[in-house]
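No experiment lies behind these values; they were computed from the predicted model shown.
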Amino acid sequence: MKNNFTRMLQLLEGVKQPVAIPNGSAGLYTDVKRSELGFNFAAKLNGQVHRARISLTLATDNKVKVLDLTGTRPLIDLENANPLSGQGVSSFLVNTLINTLSNVLPETAIITGRLKAPMSLTLEPLAARRNFWRRFGFNIESWGEGRELVVCELGNLSTYSERLLGSEPTEGLDLLHQHLIS
């Protein structure tokens, strides 16, 4: 599995893919830092660029760890709403992750991550965050004092079709195949 993951990093480093959205422009690009792969979504909306990112690494020989999913919280800062929040961007990134890894890693590979504390329980209820991960097939495991893991075998995960910034419902991209045909 390590060889497949390493080869995937080599193939996907620097991939750029336009993503169709209404009323703006968007794209997905990758970056690789050591053994960490980042899927970066950027959208230009009303003259401003907004970004979201999901990053992962190979934690052990059979486990991929999602390090972070950022850029889609309800608020950019204490005063400004985030236009990417609630617009299917997180689903698009997780779908892309599932589609891409499914072509490279065995179905028995474990995908895991940690739910971080929300900025605001009012704006980001814990139940909604748990339900987001559950709809892809992840299990939520508590490991004490409010800390929770999302975990599932890759073969048990499925994509979740959702509108991306008002576009038609999408199940993300398969970056590996997209890279090979681009």
K.L.:
Might you point out which heavy atoms bring Asn99 and Asn103 nearest each other, and give the distance in Å?
P.N.:
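So the minimum-distance heavy-atom pair works out to O-ND2, 2.8 Å.
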
K.L.:
State, to 0.1 Å, how close Asp61 and Lys2 come at their nearest heavy-atom pair, and which atoms those are.
P.N.:
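Heavy atoms of Asp61 and Lys2 come nearest at OD1-N, 3.6 Å.
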
K.L.:
Is Arg51 close to Asn40 at the side-chain level, that is, under 4.5 Å between some pair of heavy atoms?
P.N.:
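Contact flag for Asn40/Arg51 side chains = no.
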
K.L.:
Apply side chain to side chain contact (heavy atoms under 4.5 Å, CB included) to residues Tyr160 and Ile98 and explain how you reach the verdict.
P.N.:
CA-CA 10 Å; Tyr160 181 85; Ile98 293 168; over 6 Å; no

K.L.:
Once side-chain hydrogen bond (donor to acceptor under 3.5 Å, both in side chains) is applied, do any residues pair with Ser161, and if so which ones, sequence neighbours excluded?
P.N.:
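With neighbours one apart ignored, the set is empty.
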
K.L.:
Assess whether side chain to side chain contact (heavy atoms under 4.5 Å, CB included) is satisfied between Leu149 and Arg114, documenting all intermediate values.
P.N.:
CA-CA 4 Å; Leu149 292 175; Arg114 185 172 67 95; 4.3 Å; yes

K.L.:
Could you state whether Leu69 and Tyr29 fall into the same hydrophobic cluster, counting links through intermediate Ile, Leu, Val, Met, Phe, Trp or Tyr residues with side-chain heavy atoms under 4.5 angstrom apart?
P.N.:
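No; tracing contacts between hydrophobic side chains, which count when under 4.5 Å, never links both residues.
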
K.L.:
State, yes or no, whether a side-chain contact exists between Val66 and Ile54 at a heavy-atom distance under 4.5 Å.
P.N.:
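When only atoms from C-beta onward are counted, Ile54 and Val66 do touch, with a gap below 4.5 Å.
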
K.L.:
Are Leu173 and Phe39 side-chain neighbours, meaning at least one heavy-atom pair lies under 4.5 Å?
P.N.:
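A side-chain contact under 4.5 Å is absent here.
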
K.L.:
Would you list the atom pairs, donor with acceptor, under 3.5 Å between side chains in residues 81-94 and any protein atom, with sequence neighbours excluded?
P.N.:
unit_1	atom_1	unit_2	atom_2	d
Asn82	OD1	Leu84	N	2.9
Asn82	ND2	Gly71	O	2.8
Asn82	ND2	Arg73	O	3.0
Ser85	OG	Thr72	O	3.4
Ser90	OG	Thr72	OG1	2.7
Ser91	OG	Arg135	NH2	3.2
Ser91	OG	Glu162	OE1	2.5

K.L.:
Find the distance between CG (Leu101) and CG (Asn4) and round it off to the nearest 0.5 Å.
P.N.:
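Here the interatomic distance stands at 11.0 Å.
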
K.L.:
Hydrophobic clustering (ILVMFWY, side-chain heavy atoms < 4.5 Å, transitive) - are Leu58 and Leu67 grouped together?
P.N.:
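Different hydrophobic clusters.
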
K.L.:
Taking the side chain as C-beta and beyond, is there a heavy-atom pair between Leu165 and Val19 under 4.5 Å?
P.N.:
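The answer is no, as the side chains (C-beta and beyond) never meet within the 4.5 Å cut-off.
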
K.L.:
Out of curiosity, Leu9 CG to Glu36 CD, how far, rounded to the nearest 0.5 Å?
P.N.:
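Reported value, rounded in 0.5 Å steps: 10.0 Å.
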
K.L.:
Just wondering, do Thr100 and Met8 contact through their side chains at under 4.5 Å, heavy atoms?
P.N.:
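A side-chain contact under 4.5 Å exists here.
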
K.L.:
Would Val64 and Met1 count as a side chain to side chain contact (heavy atoms under 4.5 Å, CB included) if you check the C-alpha gap in whole Å, the side-chain angles of each, and the deciding distance to 0.1 Å?
P.N.:
CA-CA 10 Å; Val64 172; Met1 189 165 117; 4.1 Å; yes

K.L.:
Which atom pair, heavy atoms only, marks the closest approach of Gly14 to Thr30?
P.N.:
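Scanning both residues, the minimum pair turns out to be N-OG1, 3.2 Å.
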
K.L.:
Nearest heavy-atom pair of Leu45 and Asn23: which atoms, and what distance?
P.N.:
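Closest approach of Leu45 to Asn23, heavy atoms only: CD2-O, 4.1 Å.
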
K.L.:
Once side-chain hydrogen bond (donor to acceptor under 3.5 Å, both in side chains) is applied, do any residues pair with Glu171, and if so which ones, sequence neighbours excluded?
P.N.:
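Partners of Glu171 under the side-chain hydrogen bond (donor to acceptor under 3.5 Å, both in side chains) test: Thr159.
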
K.L.:
Roughly how far, to the nearest 0.5 Å, is the NE2 atom of His50 from the CD atom of Gln48?
P.N.:
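Spacing of CD (Gln48) from NE2 (His50) equals 4.5 Å.
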
K.L.:
Do Val32 and Leu12 touch side chain to side chain, with heavy atoms closer than 4.5 Å?
P.N.:
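A side-chain contact under 4.5 Å is absent here.
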
K.L.:
Give the minimum heavy-atom separation between Thr57 and Ser35, together with the two atoms involved.
P.N.:
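Looks like OG1-O, 2.9 Å.
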
K.L.:
Looking at Arg134 and Glu148, is any side-chain nitrogen of the basic one under 4.0 Å from a carboxylate oxygen of the acidic one?
P.N.:
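The answer is no: the pair does not qualify as a salt bridge.
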
K.L.:
Which value, rounded to the nearest 0.5 Å, describes the distance between Leu154 atom CG and Thr108 atom OG1?
P.N.:
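Separation between the atoms: 8.5 Å.
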
K.L.:
For Leu11 versus Leu176, what's the shortest heavy-atom pair and its separation?
P.N.:
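Scanning both residues, the minimum pair turns out to be CD1-CD1, 3.6 Å.
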
K.L.:
Would Ile110 and Glu153 count as a side chain to side chain contact (heavy atoms under 4.5 Å, CB included) here? Give the steps.
P.N.:
CA-CA 4 Å; Ile110 305 294; Glu153 282 190 354; 3.5 Å; yes

K.L.:
Indicate yes or no: at least one non-hydrogen side-chain atom of Leu157 is less than 4.5 angstrom from one of Phe138.
P.N.:
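Leu157 vs Phe138: side chains touch.
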
K.L.:
If the test is side-chain contact (heavy atoms from CB on, under 4.5 Å), which one of Ile111, Leu115, Asn139 qualifies with Val150?
P.N.:
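Testing Val150 for a side-chain contact (heavy atoms from CB on, under 4.5 Å) against Ile111, Leu115, Asn139 leaves exactly one candidate, Leu115.
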
K.L.:
For the residue pair Lys44 and Val49, establish whether any side-chain heavy-atom pair is separated by less than 4.5 Å.
P.N.:
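Lys44 reaches Val49 side chain to side chain.
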
